Amino acid sequence: MPELPEVEVVRRGLDDHVVGRTVRAVEVYHPRSTRRHLPGTSDFVAQLAGTTFEKASRRGKYLWLPLRDRGSALIAHLGMSGQLLVVPPSAPGVEHLRVRFTFADAGPELRFVDQRTFGALSISELTDRADVPERIAHIARDPVDPQFDDASFITALRSRHTGVKRALLDQSLISGVGNIYADEALWQAKMHWARPTRTLTRPVVTALLAALREVMAAALAAGGTSFDSLYVNVNGASGYFDRSLEAYGREGEPCRRCGTAIRRDPFLNRSSYTCPRCQPRPRNPHW
DNA sequence: AAGCTCTCCTGATGGC
DNA sequence: TGCCATCAGGAGAGCT
């Protein structure tokens, strides 16, 4: 469940069902799921045995669970198809089960299920000065973070030499934004994805940020966006924000603002959806 | 050195 | 019915 609202839905589920519990054992069924843990899978398993999850944190699309008295945290990234599910220990095994956590209290177990194995789990040190694990120090604050600095972001965005959507997807500039919410915010701000960042004025970026926050808040309230059962909360339930999408995935359907058919353009090996009338292509696009 | 392309993987879908 | 191409909510290694 990849973008900020979906990952926040999962974080809340972990907060409710996993925080405060002590790990009994961890089983790793696919080595690719721990590839980001450089000391290796056996070290990953050994470090987690007997540890207690202190809390559930998130920045952008990254989740992490600080480990009590260890000075480190379990980091999770869901990639394109990762799920963290809380299920009874007796629940049947499922396809694509990659990692299983059982707990000392014999309560529900935590499963990492990931069809495409783009997701990853690792353990990383927490430093006193940083408020995120070292491994994800390069990830920028997300627009929902109270400490997100609007003025700095606006300056940084305008000084880039690229198109606005590329910049929005750069997790070291602003995190948590992916293909869906970039398209939705751009639609709301009536801005084309190829608009050169250099041409953006401060008020226009301010409006774009507001659009991002608005669409993400609405999506979170709806439990996130899911088109299929791949994107679910820790209980396996889908969100329903897909019904509220204005641009993403709506090729050929009428723009709900002006009635023009939504257009799909190839973009970074996937797609961008725009209303050709509300979001006219810039005269000198930066591809 | 910032910006861009490609690659990792599995499965669904649609055209021929 | 195959078989092949295309597409999918991501990110980071490795180019220029």
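Bear in mind the structure is a predicted one, so any value in this text is a computation, not a measurement. Proteins come first, then strands; the chains are lettered A, B, ... in the order of their sequence lines, and each starts at number 1.
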Is a donor-acceptor contact shorter than 3.5 angstrom present between the side chain of A:Arg160 and the base of B:dA2?
-> no
Assess whether one donor atom and one acceptor atom, taken from the side chain of A:Arg270 and the base of C:dG10, lie less than 3.5 Å apart.
-> yes
Stepwise side-chain hydrogen bond (donor to acceptor under 3.5 Å, both in side chains) check, A:Ser81 with A:Asp114 | CA-CA 5 Å; A:Ser81 57; A:Asp114 188 11; 2.6 Å; yes
Would you check if the side chain of A:Ser226 reaches a backbone N or O of A:Ser238 as a donor-acceptor pair within less than 3.5 Å?
-> no
Donor-acceptor pair, side chain of A:Arg59 and main chain of A:Ile139, under 3.5 angstrom = yes
Expressed in angstrom and rounded to an integer, what is the separation of [X] atom [atom1] from [N] atom [atom2]?
| X | N | atom1 | atom2 | result |
| --- | --- | --- | --- | --- |
| A:Leu230 | B:dT10 | CG | C1' | 10 Å |
| A:Tyr273 | C:dG9 | OH | C1' | 12 Å |
| A:Tyr181 | C:dG10 | OH | P | 10 Å |
| A:Gln171 | C:dG9 | CD | P | 14 Å |
| A:Phe227 | C:dC7 | CZ | P | 16 Å |
| A:Asp114 | C:dG10 | CG | P | 13 Å |
| A:Asn269 | C:dA8 | CG | C1' | 11 Å |
| A:Arg36 | B:dT7 | CZ | C1' | 14 Å |

Ignoring backbone atoms, test whether [X] places a side-chain nitrogen or oxygen under 4.0 Å from the OP1 or OP2 oxygen of [N].
| X | N | value |
| --- | --- | --- |
| A:Arg35 | B:dC9 | no |
| A:Lys61 | C:dG9 | no |
| A:His77 | C:dG10 | no |
| A:Thr162 | B:dC4 | yes |
| A:Arg166 | B:dC4 | yes |
| A:Tyr248 | C:dA8 | no |
| A:Ser81 | B:dT10 | no |
| A:His138 | C:dA11 | no |

How about A:Lys61 and A:Ser175: does a side-chain donor come under 3.5 Å of a side-chain acceptor?
-> no
Nearest-angstrom distance, P atom, C:dA5 to B:dT7 = 16 Å
Expressed in whole Å, how much space separates the P atoms belonging to B:dC9 and C:dC3?
-> 23 Å
Among B:dG3, B:dT10, C:dA8, which nucleotide sits nearest the side chain of A:Arg264?
-> C:dA8
Of all the choices, C:dG9, C:dG12, B:dG11, which nucleotide is nearest to the side chain of A:Tyr62 once you look at every atom?
-> C:dG12
Counter-base of C:dG9, judged by Watson-Crick or G-U geometry with both distances under 3.5 Å | none
Closest heavy-atom pair and its distance - A:Leu4, A:Arg58 = CG-NH1, 3.4 Å
For A:Glu184, answer base if it contacts any base atom (sugar-phosphate contacts may also be present), sugar-phosphate if it contacts only those atoms, and nothing otherwise; contact means non-hydrogen atoms under 4.0 Å.
-> nothing
Is the glycosidic angle of B:dG11 within 90° of 0, making it syn, or outside that range, making it anti?
-> anti
same_hphob_cluster(A:Val234, A:Trp64) at 4.5 Å side-chain heavy-atom cutoff | no
State whether the aromatic ring of A:Phe118 stacks on the base of C:dG10, taking stacking to mean ring centres under 5.5 Å apart and ring planes under 30° to each other.
-> yes
